[in-house]
Amino acid sequence: MVEIRSSVGMGWSSARLVDSAKATYTPPPAPEILVGAIVDRVERRPEGSLIVVLQPAWDAIGKLLRDNPSELPQLSPDQWEELIAGAYDRAGYDEVVLTPRSGDGGRDIIAVKRGLHSIRIIDQVKAYAPGNPVPANDVRALVGVLLSDPLATKGIVTTTSTFAPRILDDPSIARHMPFRLELHDGEEVRKRLLALTSGKR
């Protein structure tokens with residue numbers, strides 16, 4: 001018997017004639033992870049590169065978040081830094097700087113909002129595999145950077161994973177939260193990115 005099967009929702013690459021006795025299901029190809037740039041470096045600054053988000057890449061990230069969120073951890077550490085920097089740009093910060101890979105002074109991203117309630121955030125991005133939590137020592141290191149930078153108003157550690165258990169019991173960390181220090185884990189980051197890629201702020 002010969003029948004026509006549609007490609008819609010069935011994993012077939014196209015509508016085609018198949019022999020039903022020999023027909024096999026072909027799964028759809030795995031979603032492609034972005035390999036290109038997520039942001040454009042528009043101006044060189046003493047601390048790094050001023051960036052703006054690239055809209056096609058941002059739209060693709062939004063589609064990935066909605067359709068295949070489990071693929072997001074496969075982004076490289078560089079792409080994660082670009083993605084988080086892009087999120088600050090989309091959230092309306094006036095200046096977002098990506099620092100160099102080396103010699104960044106413990107700051108991966110510097111985000112500045114000017115005017116009423118001006119703020120200058122330093123963000124350290126930890127692209128860790130699931131099950132590999134950020135240890136307290138890494139957070140303490142950012143606290144040291146925050147306290148040594150007279151222009152910084154807040155420090156944030158952003159991770160694709162989680163934080164070590166009982167990290168908030170550490171007095172050297174807890175006393176700076178939430179007004180000087182924030183910890184953003186993978187689940188919170190995904191929710192925030194989904195809101196920003198959906199046009200919400």
Side-chain angles (χ1 to χ4, degrees), residues 4-16 18 23-43 48-101 104 107-113 119 121-134 156-163 182-201:
I4 296 176
R5 294 201 180 177
S6 167
S7 62
V8 178
M10 296 184 65
W12 299 93
S13 59
S14 61
R16 56 184 175 170
V18 295
T24 57
Y25 174 77
T26 304
E32 239 180 78
I33 298 299
L34 293 177
V35 292
I38 298 169
V39 299
D40 188 17
R41 290 163 170 80
V42 295
E43 184 182 321
S49 299
L50 186 70
I51 65 94
V52 293
V53 75
L54 292 168
Q55 192 61 46
W58 191 254
D59 292 342
I61 287 287
K63 186 174 187 320
L64 188 67
L65 280 162
R66 290 186 294 276
D67 299 345
N68 298 288
S70 62
E71 298 295 319
L72 203 59
Q74 295 181 32
L75 294 174
S76 71
D78 285 351
Q79 287 173 319
W80 268 107
E81 288 184 14
E82 288 193 5
L83 181 54
I84 300 304
Y88 282 107
D89 181 52
R90 290 294 299 191
Y93 281 76
D94 298 305
E95 296 176 11
V96 183
V97 171
L98 259 175
T99 64
R101 290 294 293 161
D104 61 10
R107 302 163 302 169
D108 295 324
I109 299 163
I110 302 166
V112 175
K113 191 175 279 190
I119 189 169
I121 292 174
I122 56 174
D123 197 324
Q124 194 171 85
V125 180
K126 301 289 186 184
Y128 289 175
N132 183 18
V134 176
I156 297 176
V157 180
T158 300
T159 183
T160 55
S161 181
T162 57
F163 292 91
E182 291 182 19
L183 307 180
H184 297 176
D185 65 15
E187 185 58 31
E188 184 177 345
V189 169
R190 280 186 285 275
K191 287 179 183 175
R192 180 67 173 148
L193 288 172
L194 189 55
L196 287 170
T197 55
S198 302
K200 302 172 186 174
R201 291 187 182 175

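Since the structure is predicted, the reported quantities are computational estimates derived from the model, not experimental observations. One-based numbering along the sequence shown. All heavy atoms count here, side chains included; hydrogens, waters and symmetry mates do not.
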Q: Rounded to the nearest 0.5 Å, what's the gap from CG on Leu183 to CD on Glu188? Could you check?
A: 9.0 Å
Q) Of the non-hydrogen atoms in Lys113 and Ala91, which two are nearest, and what is the gap between them? A) NZ-O, 4.1 Å
Q) Between the main-chain N or O of Val53 and the side-chain N or O of Asp89, is there a donor-acceptor pair closer than 3.5 Å? A) yes
Q: Taking salt bridge (Lys or Arg N to Asp or Glu O under 4.0 Å) as the test, write out the residues that go with Lys191, two or more places apart.
A: none
Q.
Name the residue from Val97, Ile121, Ile122 that meets the side chain to side chain contact (heavy atoms under 4.5 Å, CB included) definition with Arg107.
A. Ile122
Q: Compare every heavy atom of Ala37 with every heavy atom of Ala57, then report the nearest pair and how far apart it is.
A: CB-O, 3.6 Å
Q.
Does any part of the side chain of Glu81, heavy atoms only, come nearer than 4.5 Å to the side chain of Thr99, both counted from C-beta?
A. no
Q. Rounded to the nearest 0.5 Å, how far does CZ of Arg192 lie from CG of Leu65?
A. 13.0 Å
Q: Please step through side chain to side chain contact (heavy atoms under 4.5 Å, CB included) for the pair Gln55 and Arg90, ending with a clear verdict.
A: CA-CA 10 Å; Gln55 192 61 46; Arg90 290 294 299 191; 2.9 Å; yes
Q: Give, for atom CZ of Phe163 and atom OH of Tyr128, the distance between the pair rounded to the nearest 0.5 Å.
A: 10.0 Å
Q.
Checking Ile51 against Tyr88 for the side chain to side chain contact (heavy atoms under 4.5 Å, CB included) test, could you report, in this order, the C-alpha distance in whole Å, the side-chain angles of both residues, the deciding distance, and whether it holds?
A. CA-CA 10 Å; Ile51 65 94; Tyr88 282 107; over 6 Å; no
Q: For Val112, check side chain to side chain contact (heavy atoms under 4.5 Å, CB included) against everything at least two apart and list the hits.
A: Glu95, Ile110, Arg114, Arg120
**Q.** Straight-line distance of Asp40 CG to Leu50 CG, nearest 0.5 Å
**A.** 10.0 Å
Q) What pair of heavy atoms forms the shortest contact from Tyr93 to Ile119, and how long is it? A) CE2-CG2, 4.0 Å
Q) Is the side chain of Thr159 donor-acceptor paired with the backbone N or O of Asp185 at a distance under 3.5 Å, no angle test? A) no
Q: Please examine the side chains of Val96 and Ile109, heavy atoms only from C-beta on, and report whether any two atoms are closer than 4.5 Å.
A: yes
Q.
Show, in sequence, the C-alpha distance, side-chain angles and deciding distance for Val125 and Leu83, and conclude whether the side chain to side chain contact (heavy atoms under 4.5 Å, CB included) test is met.
A. CA-CA 10 Å; Val125 180; Leu83 181 54; over 6 Å; no
Q. So which heavy atom on Trp80 is nearest to which on Ala127, and how close?
A. CD1-CB, 3.9 Å
Q) Side chains of Asn132 and Ser161: do they bring a donor and an acceptor to under 3.5 Å? A) no
Q: Measure the spacing between CD1 of Ile38 and CD1 of Ile61 and express it to the nearest 0.5 Å.
A: 4.5 Å
Q | Atom pair CG (Asp108) and CD (Glu82), whose distance is rounded to the nearest 0.5 Å | A | 12.0 Å
